[in-house]
**Q** 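After the C-alpha cells below, expect a handful of questions from me.
Residues take their numbers from the sequence shown, with the count starting at 1. Nothing here was measured: the structure is a model prediction, and the numbers come from that model.
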Amino acid sequence: MKFAYLAAFLAGAMFSGPAAAQFAGFAHTAVAPIYDGTNGNTSYIRLANTSTASKQISVTVIGMPSGRDYGSFTYNLAAWASQQKSIHEILRDAGITPGYIVPDTAYSVYLSTVGTIPLGFQHIVYNASTRALQNMSACNYRPNMDYAALNRFIGNVHTDQAIMSAYPATVSIHHYAGGSASYLVDVYVAETGEHKGNFTMSLQANETFTAPMGFFEQRVNWVPVLGQSHANLVFRRDDIGPYQAVVGHRVFNAALDSTISMAQYCPINPN
C-alpha cells in the first residue's frame, strides 16, 4: 500500500492556508501513516478501555508533513469496551472538513488518555476492493510502566454474527508454566462493554488451547445480534498461581484464503 494521498472522494477539498503551528505530540501516542481511502485503503482505529472503570480517549488529527492540528474529538468508553472508528468517522466527529491544507498530503492521528494505566488501540487497514484486512499496529512502550492489562486482553474479536461470516475469528491461549493452571475467561460485547459472562478453563503444562469465537460465545450462552459484531476477551488466573499465558487472535479471510494475526494491541500511554 502507498502512503495516503488526496483521495478521489476528496477532490477539490485541498486548499491553502496560513503556516501551521507544530503539534507537540510527545505526550501522546502516534498512529501513522493514516490511509484515507486512496486506492481503496482505509484506516480504522480501534480504541479499547482495558480497565474496570469508564475512560475517555482523545483523538487528534494531524497533517503530514506540516504537523498542523486539524482538530480533535474525545470518545467515552465503558469499562472493557472497544470502539472501532474509521478515519472518516473521526473527521466527522471532530468537525473536520475532509481534505488537506498545503503542503499536507496525509493525516496521522495522536491518541491520549489520562491516568496511570495505559489503555489500548489497534490500527487496522481495510481495502474495499481486494477485501484485504491488515493489522498495522506499531507500539510504543515507555520504561517503568505496567502493561500487564494488555497481556490478558484480546480485543475486537469477530463474533459469529452473520455480518462477520467472511472473516471468522479464532482465539488461542498458551500456558507456558511447568504445571497445570486454571484460567477465568470474561466475555464482553466490544461495542458497549456489556459483560456476557465468564467461565473457567483448565490448561496443562505448556498446553495451547485454540477455538473459534463461537466456542466462547456458547460457553456464556451468548448469541450475538446485529450491532454485536465484535467481542472482547479478558483472561486471568482462577487459582492462586501467577498469570503465565500468551493469548492470540487471528482472522481467516475467506475471499483471499488467508489468515491474518489480529492479536497485537498497542498501549495508549497516559499523558
Side-chain angles (χ1 to χ4, degrees), residues 1 3-50 54-78 81-115 118-126 128 136-140 155-156 190-193 227 229-230 265-271:
M1 289 183 288
F3 283 103
Y5 295 100
L6 187 59
F9 68 88
L10 298 177
M14 179 178 282
F15 55 93
S16 60
Q22 293 292 323
F23 178 77
F26 59 87
H28 301 73
T29 299
V31 185
I34 295 297
Y35 298 88
D36 64 3
T38 302
N39 299 325
N41 300 317
T42 301
S43 286
Y44 292 80
I45 308 299
R46 292 172 171 175
L47 307 170
N49 180 3
T50 53
S54 60
K55 297 289 184 180
Q56 292 184 326
I57 299 176
S58 178
V59 181
T60 302
V61 179
I62 302 299
M64 295 170 53
S66 73
R68 179 188 303 274
D69 181 349
Y70 280 77
S72 63
F73 188 81
T74 298
Y75 293 97
N76 297 304
L77 285 84
S82 57
Q83 299 179 9
Q84 176 176 278
K85 303 294 181 180
S86 71
I87 182 57
H88 310 305
E89 291 174 300
I90 293 170
L91 293 175
R92 179 203 65 199
D93 293 343
I96 301 170
T97 300
Y100 303 107
I101 298 173
V102 174
D104 294 336
T105 56
Y107 298 121
S108 60
V109 299
Y110 281 70
L111 311 177
S112 65
T113 185
V114 176
L119 303 184
F121 82 91
Q122 274 188 334
H123 178 198
I124 305 300
V125 176
Y126 176 68
M136 302 289 286
S137 305
C139 303
N140 182 277
N156 293 91
E191 290 85 350
T192 63
S229 57
H230 291 176
Y265 235 99
C266 294
I268 303 174
N269 292 307
N271 57 22

**Q** Evaluate the side-chain proximity of H123 to I45: yes if any heavy-atom separation is below 4.5 Å, no if none is.
**A**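 The answer is yes; the side chains approach within 4.5 Å.
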**Q** Could you report the tightest heavy-atom contact between T192 and A81, atom names first, then the distance?
**A**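 Shortest heavy-atom contact: C-CB, 3.8 Å.
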**Q** How about S229 and E191: do any of their side-chain heavy atoms sit closer than 4.5 Å?
**A**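 Yes, at least one pair of side-chain atoms sits under 4.5 Å.
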**Q** Could I get the full list of ring pair (Phe, Tyr, Trp, His ring centres under 6.0 Å) partners for Y265, not counting sequence neighbours?
**A**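 In terms of ring pair (Phe, Tyr, Trp, His ring centres under 6.0 Å), with neighbours along the sequence ignored, Y265 is linked to F153.
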**Q** Taking side chain as C-beta onward, heavy atoms only, is Y70 less than 4.5 Å from V109?
**A**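 Y70 vs V109: side chains apart.
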**Q** Ignoring hydrogens, what is the shortest heavy-atom contact between V61 and Y107? Give both atom names and the distance.
**A**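 In terms of heavy atoms, the two residues are closest at CG1-CD2, 3.5 Å.
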**Q** Search all heavy atoms of T105 against all heavy atoms of P65 and return the closest pair with its distance.
**A**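 So the minimum-distance heavy-atom pair works out to N-CD, 4.3 Å.
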**Q** Can you confirm whether S43 sits close enough to S86 that some side-chain heavy atom of one is under 4.5 Å from a side-chain heavy atom of the other?
**A**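 When only atoms from C-beta onward are counted, S86 and S43 do not touch, as no gap falls below 4.5 Å.
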**Q** Mind listing the closest non-hydrogen atom pair of V125 and Y35 along with its distance?
**A**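 Nearest pair, atom of V125 first, then Y35: CG2-CD1, 3.6 Å.
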**Q** Please name all residues satisfying side chain to side chain contact (heavy atoms under 4.5 Å, CB included) with S72, sequence neighbours left out, ordered by chain then number.
**A**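 For S72, the residues satisfying side chain to side chain contact (heavy atoms under 4.5 Å, CB included) (neighbours in sequence not counted) are S58, T60.
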**Q** Are any non-hydrogen side-chain atoms of S54 and L77 less than 4.5 angstrom apart?
**A**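 With C-beta onward as the side chain, the pair stays apart.
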**Q** A side-chain contact here means heavy atoms from C-beta on lying under 4.5 Å apart; do T42 and I87 qualify?
**A**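 A side-chain contact exists here, since the closest heavy-atom pair is under 4.5 Å.
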**Q** Could you state the interatomic distance from CD1 (I96) to NE2 (H88), rounded to the nearest 0.5 Å?
**A**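 Those atoms lie 13.0 Å apart.
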**Q** Do M64 and S108 have side chains that approach each other closer than 4.5 Å (heavy atoms only, starting at C-beta)?
**A**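 With C-beta onward as the side chain, the pair touches.
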**Q** Give me the atom names and distance for the closest heavy-atom approach of N269 to T29.
**A**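 Minimum heavy-atom contact is N-OG1, 3.1 Å.
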**Q** Any side-chain heavy-atom pair from T74 and I57 closer than 4.5 angstrom?
**A**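 SC-SC contact between T74 and I57 ruled out.
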**Q** At what distance, to the nearest 0.5 angstrom, does CG of L119 lie from NZ of K55?
**A**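 Those atoms lie 6.5 Å apart.
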**Q** Report the residue from V59, T113, L111 that forms a side-chain contact (heavy atoms from CB on, under 4.5 Å) with F121.
**A**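 For F121, the side-chain contact (heavy atoms from CB on, under 4.5 Å) test succeeds with only one of V59, T113, L111, which is L111.
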**Q** Would you please say whether a donor-acceptor pair under 3.5 Å links the side chains of D36 and Y100?
**A**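 Yes - a donor-acceptor pair under 3.5 Å links their side chains.
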